[in-house]
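A note on names: the letters A, B, ... follow the listed sequences, proteins ahead of strands, and every chain is numbered from 1.
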Protein chains: 2
Amino acid sequence: MKVMRETIVSTARELFRSKGYAGASMNDLADAVGLKKSSLYVRFPNKEALVPAVLDLTLQETFGDRDRGSRQWDVEFADVIELIATTLTDRGRCVGLHLAYGTSDETPIAKDAVRAFFQAHRDHLSSILSRAMPADVARNIATDTLARLEGATAFVAIFGEKDAMKRAVRLSIEEAKNAAVATSLSRVSS
Amino acid sequence: MKVMRETIVSTARELFRSKGYAGASMNDLADAVGLKKSSLYVRFPNKEALVPAVLDLTLQETFGDRDRGSRQWDVEFADVIELIATTLTDRGRCVGLHLAYGTSDETPIAKDAVRAFFQAHRDHLSSILSRAMPADVARNIATDTLARLEGATAFVAIFGEKDAMKRAVRLSIEEAKNAAVATSLSRVSS
DNA sequence: TTGACAACCGACCGTTCGGTCGTATTTTAC
DNA sequence: GTAAAATACGACCGAACGGTCGGTTGTCAA
C-alpha cells in the first residue's frame, strides 16, 4: 500500500493551487492521498517542506525534458509558453502565484522556493529569447510574457474566461518576433 | 472609544491583502483595530461579510470621486490606470486577486463580491475606452490592461521589482491610443 | 523462518480557529 | 434625569490546526 512520493507532491500541488498555503491542511492532503496525517510527517518534516517539492515538480514538468536548442528559437518559445498557458487555463489558477501571495517572512523556505520558481521561469524564457535579441531586451520580454500569462489566469479563475489567455499568448509571441526583427535590422544598419 | 467601521474595513483589507482570506483571522483584525474579537461580530455577522465591505471600499476609492467624462478619454484612462498601478506597486499585492484565489464555493458571498469587483473595474475602464473605439475592442483592451497590471504586481510581490509595472502602464496606454487611431482611420475610409 | 526495516496508524498535545452569549459600560434621545 | 440603544468585553464552545510519539503492520533479504 505504499504511496508514491510524487503522488503526495502532486496532490499537495492541487490543494495549494485551489486553497492556498494557509487554506490547505495536512489532514486534507492525507485524506486525498489515502494516508493518515502522521504518515505524511515520515516523508516531509513539516508543511512548509512541501512547497519546494511542489514547485520543483512543476518546474521539472515545464522545462524538464525539453529538447533545448535543437529547434528555432521562435518555435521553442511559442511551444513553452503555450504549454504554460494551457496548464494555467486547464487548472484555472497558478500554484506559484497562489503560493507567492500566501507565503511571508514566517515561511522563509517557502518564500525562497517561490522566488526560485519564478526566477527559473524567467531565466528559461530569457535564454530562449536571447538567441535572437540582446540579453536585456530578452529579459524584459520574458518578464512581460510571464506577467501577461499570470494576469490572464486571473480572468480564468474569476470569470472562467479563456479569451484573455489566448490574446496573452498571441501578443507575447508577436512581441518577441518584433523584437527579433528590430534586433536584426539594427545589426544591419550598424 | 468607538472604532469607526471604515477603520475595521480598511484594516481588514490590509490583512486580506497580506495574509489572504484563510490566513487572516478575526483575532488578528480585532487586535489590529484595538477591539476584542466578539466586538467585531456586532458590526459584521461573520468573516465572509468583510469581503464585500473591503472590495466596496476599494472600488469607492478607485472610481468614486472621479470627474467622469469631463476630460479627454485618454487623459482619464491614463489617470485611472496610473492610480491603480501606484496602489498595486505601493502595497505589493492586489487584495482583489488574493481574495479571488482565496475564495471558493464554500464562501459564495465572497466569491460573488470578487466577481463584482473585477467586473466593475472592467466596466469602468471599458466605458472610458469606448468613447474612442468600438465596444468589443474597448472591452478587450480593458481586460488586457487589468491582466497586465495584475501580472506585473506578481513581480512586485515576489522580487520587489517595479519595472514590470511601469512597462505595463506604458504599454497599456500605447495600446489604447493605437486602437483609437485605428478606429478613427477606419471611420474615415468607410 | 526469522530478523530488520520501512510504511503506516491511533491517540494525543497545545494552540488557534470562527462564532456565541450574557453582561457591563458608554452614548444618545426624550 | 432616565430609559433605551449602541458599544464593548470576558468567558466559553466545538472543531480544526500543525505536529509528536509509541506501537502495529507489511515487505523482503538472509
Name the nucleic acid region contacted by B:A24, choosing base, sugar-phosphate or nothing; use a 4.0 angstrom heavy-atom cut-off, strictly under. sugar-phosphate

Specify the separation, in whole Å, of atom CG of B:L29 and atom P of C:dC17. 12 Å

Base of C:dG18 paired with side chain of B:K37 (donor-acceptor, under 3.5 Å): yes

B:D31 CG - D:dC9 P separation (whole Å): 11 Å

What integer distance in Å separates A:L40:CG from C:dC9:P? 10 Å

Whole-Å gap separating C1' (C:dA6) and CG (A:L35): 13 Å

Side-chain N or O of A:R43 less than 4.0 angstrom from OP1 or OP2 on C:dC8? yes

Minimal non-hydrogen separation, B:A152 against A:A147, with atom names: N-CB, 3.8 Å

For the pair made of NZ in A:K47 and C1' in D:dT20, what is the distance, rounded to whole Å? 17 Å

So, OP1 or OP2 of C:dC8: does either fall under 4.0 Å of a side-chain N or O from A:K36? no

Got a donor-acceptor pair under 3.5 Å from the side chain of A:S38 to the base of C:dG10? yes

What is the separation between atom CZ on B:F44 and atom P on D:dA8, rounded to the nearest whole Å? 12 Å

Atom NZ of B:K2 and atom C1' of C:dT25: how far apart are they, to the nearest Å? 15 Å

Note: for B:G34 and A:Y21 on DNA chain D, the residue whose nearest nucleotide lies more 5' is B:G34

For B:E106, does the CD atom have more than 12 heavy-atom neighbours from other residues, nucleotides or ligands under 6.0 Å away? no

Proximal nucleotide (of C:dC17, D:dC9, D:dG18) relative to the B:N27 side chain: C:dC17

Below 30° counts as parallel, above 60° as perpendicular, anything between as tilted: where do the rings of A:H98 and B:Y101 land? perpendicular

Of A:M26 and A:S39, whose nearest nucleotide on DNA chain D comes first from the 5' end? A:M26

Starting at atom NZ of A:K19, determine the distance to atom P of D:dA16, rounded to an integer number of angstrom. 11 Å

Please classify the nucleic acid contact of B:S25 as base, sugar-phosphate, or nothing, using heavy-atom distances under 4.0 Å. sugar-phosphate

Per A:Y41 side chain, nearest of listed nucleotides D:dT7, C:dC8, D:dG18: D:dG18

Measure from the side chain of B:N46, starting at C-beta and using heavy atoms only, and say which of C:dG19, D:dA8, C:dC21 lies closest. C:dG19

Validate the cation-pi geometry between A:R122 and B:F155: distance from NZ or CZ to the six-membered ring centre under 6.0 Å, angle to the ring axis within 45°. no

Pair A:R148 + B:E175, salt bridge at N-O below 4.0 Å: no

